[in-house]
K.L.:
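One structure coming up, written as structure tokens, with questions to follow.
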Amino acid sequence: MLLTFKPSPVTRRRFAQFAANRRGSWSLGLFLILFALTLFAELIANDRPLLVRYDGAFYLPVLVDYPETTFGGDFPTDADFRDPFIKDSIEAKGWALWPPVRFSYDTINHDLPVPAPAPPSAENWLGTDDQGRDVMARLIYGLRVSILFGLLLTVISSAVGVAAGAVQGYFAGTVDLIFQRFLEIWGSLPQLFILIIVTSVLVPGFWTLLAVLLLFSWTALVGVVRAEFLRGRNFDYVRAARALGLGDLTIMARHVLPNAMVATFTFTPFILSSSIVALTALDFLGLGLPPGSASLGDLLRQGKENLQAPWLGITGFVVLAGLLTLLVFVGEAARDAFDPRKARP
């Protein structure tokens, strides 16, 4: 027997209300398409062919490392498919299927007709940075890193914040008082100085930044969830469940938490946008990902340091502003969908 999921009338109303907001639904669709494309960045922007047919055999350089001797070279090192000798050898005995952008995020174009940073051209669609790296490729890889970082930080910080707010609001009293004083002290800590100290001691990286930012971002939802639990702990159905002998964890998870998750889902897109901005700001200040990594903050920093190359700053600004605008529109649609005062007949 197949199990079918039948949403409740309230859930169907929320989905209908979200879909009725054209701006929010279109923004969500564009964001998901953009995120899906960046997940396959290696198939869109790469300095290796997707498929090579050479001397009657097929090769997948995008997935497998092949030595230069495989394609008629003299050395057993990894083949450089941008080398004119390798290109001519493949064209003489077969063909190569390249991705749309023939550069990876760290590929340096040594054949630029002008000094780097080079303006947009047929080869480099958005130009190059001051090291000769393709801006389009670095933009695609940087978007993937930023979105993945923002999603991980949002999910983990939301889980910790919801748990802390639930405990604080449900038990109230002394527990609530101690938690509130701790949050006041914790929120007054200088985050930037702590980040500078951590990055000077530890090697900055994806997981290091995620752990450091998680120390401060989990407090975003504590106040909202705490208010919902303070309100819901005195409802009649919660008192009845407590009188029937249900444990506190069961009551919190089954009866009070669903009401608190409404506010959580509403704030999630805004928390995601702030997470992306945090990583971008750290990369812009040089406190983020290791040097050479593809990121939106590095692109903006390149634009600041190379004012004679306006395509760098314009590209970073347009992409970051567009991404944050999509998330804000999604957040507004989610807020309206969970608002019972805006229910549609």
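Quantities reported herein were computed from a predicted structural model and do not represent experimental measurements.
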K.L.:
Kindly indicate whether the side chain of T70, heavy atoms from C-beta on, has any atom under 4.5 Å from the side chain of Y54.
P.N.:
no
K.L.:
Any sub-3.5 Å donor-acceptor pair from R82's side-chain atoms to R102's backbone N or O?
P.N.:
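Yes, the answer is positive, given that a donor and an acceptor are paired below the 3.5 Å cut-off.
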K.L.:
What about W26 and F329, are their ring centers closer than 6.0 Å?
P.N.:
no
K.L.:
Any ion pair linking R48 and E42 (charged N to carboxylate O, less than 4.0 Å)?
P.N.:
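Looking at E42 and R48, the cut-off is not met.
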K.L.:
Which distance, rounded to the nearest 0.5 Å, do you find between the CG of L272 and the CZ of F149?
P.N.:
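Answer rounded to 0.5 Å: 11.5 Å.
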K.L.:
Mind checking whether N234 and V238 have side chains closer than 4.5 Å, heavy atoms only?
P.N.:
no
K.L.:
Please check this pair: side chain of S146 against backbone of L143, looking for a donor-acceptor N/O pair closer than 3.5 Å.
P.N.:
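No, because the side chain of S146 does not come within donor-acceptor range (under 3.5 Å) of the backbone of L143.
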K.L.:
Mind running side chain to side chain contact (heavy atoms under 4.5 Å, CB included) on Q168 and V222 for me, showing each step along the way?
P.N.:
CA-CA 8 Å; Q168 183 179 352; V222 173; 3.4 Å; yes
K.L.:
Within a radius of less than 6.0 Å around CZ of R181, do more than 12 heavy atoms belonging to other residues, nucleotides or ligands occur?
P.N.:
yes
K.L.:
Is any side-chain heavy atom of F284 closer than 4.5 Å to one of L296?
P.N.:
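L296 vs F284: side chains apart.
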K.L.:
Holding to ring-ring contact (aromatic ring centres under 6.0 Å, His included), I want the full list of residues that pass it with Y66, two or more places apart in sequence or in another chain.
P.N.:
Y59
K.L.:
Looking at G292, is its backbone amide N or carbonyl O close enough to the side chain of D106 to form a donor-acceptor pair, meaning the two atoms are under 3.5 Å apart?
P.N.:
no
K.L.:
Going by the angle between their ring planes, with limits at 30° and 60°, are W98 and F81 parallel, tilted or perpendicular?
P.N.:
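Judged by the thresholds at 30° and 60°, the geometry between W98 and F81 is perpendicular.
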K.L.:
Begin from the C-alpha positions of L221 and I271 and carry the test side chain to side chain contact (heavy atoms under 4.5 Å, CB included) through to its verdict.
P.N.:
CA-CA 9 Å; L221 289 175; I271 298 176; 3.7 Å; yes
K.L.:
Once you measure the plane-to-plane angle for F235 and Y237, does it fall in the parallel (<30°), tilted (30-60°) or perpendicular (>60°) bin?
P.N.:
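Ring orientation, 0 to 90° scale: tilted.
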K.L.:
Run N21 and E332 through side chain to side chain donor-acceptor pair (under 3.5 Å) and show every step you take.
P.N.:
CA-CA 9 Å; N21 190 321; E332 291 179 351; 6.0 Å; no
K.L.:
Closer than 3.5 angstrom, by distance alone: can the side chain of S89 be matched with the main-chain N or O of F85 as a donor-acceptor pair?
P.N.:
no
K.L.:
Scan residues 131-143 for pairs that pass side-chain hydrogen bond (donor to acceptor under 3.5 Å, both in side chains), counting only residues two or more places apart or in two chains.
P.N.:
N124-D134, D129-R133, R138-D298
K.L.:
Main chain of W311, side chain of T315: is a donor-acceptor contact present, judged purely on distance under 3.5 Å?
P.N.:
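Between the backbone of W311 and the side chain of T315 there is a qualifying donor-acceptor contact (under 3.5 Å).
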K.L.:
Using the side-chain hydrogen bond (donor to acceptor under 3.5 Å, both in side chains) rule, collect all pairs that involve residues 203-227, keeping only residues at least two apart or in two chains.
P.N.:
D176-R226
K.L.:
Between CG of L213 and OG of S274, what distance do you get to the nearest 0.5 Å?
P.N.:
10.0 Å
K.L.:
Would a 4.5 Å heavy-atom cut-off, applied to side chains only, mark T69 and F75 as touching?
P.N.:
no
K.L.:
Give a yes or no answer on whether the side chain of S273 reaches the backbone of F270 with a donor-acceptor pair at less than 3.5 Å.
P.N.:
yes
K.L.:
Inspect the contact between E91 and K87 and indicate whether a charged nitrogen and a carboxylate oxygen are less than 4.0 angstrom apart.
P.N.:
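No, no charged N to carboxylate O under 4.0 Å.
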K.L.:
Test your reading of the model: is there a side-chain donor-acceptor pair from T128 to the backbone of A116, 3.5 Å cut-off?
P.N.:
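It does not hold such a pair.
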K.L.:
Between R233 (side chain) and Y170 (backbone), is there a donor-acceptor pair under 3.5 Å?
P.N.:
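Confirmed, R233 side chain pairs with Y170 backbone.
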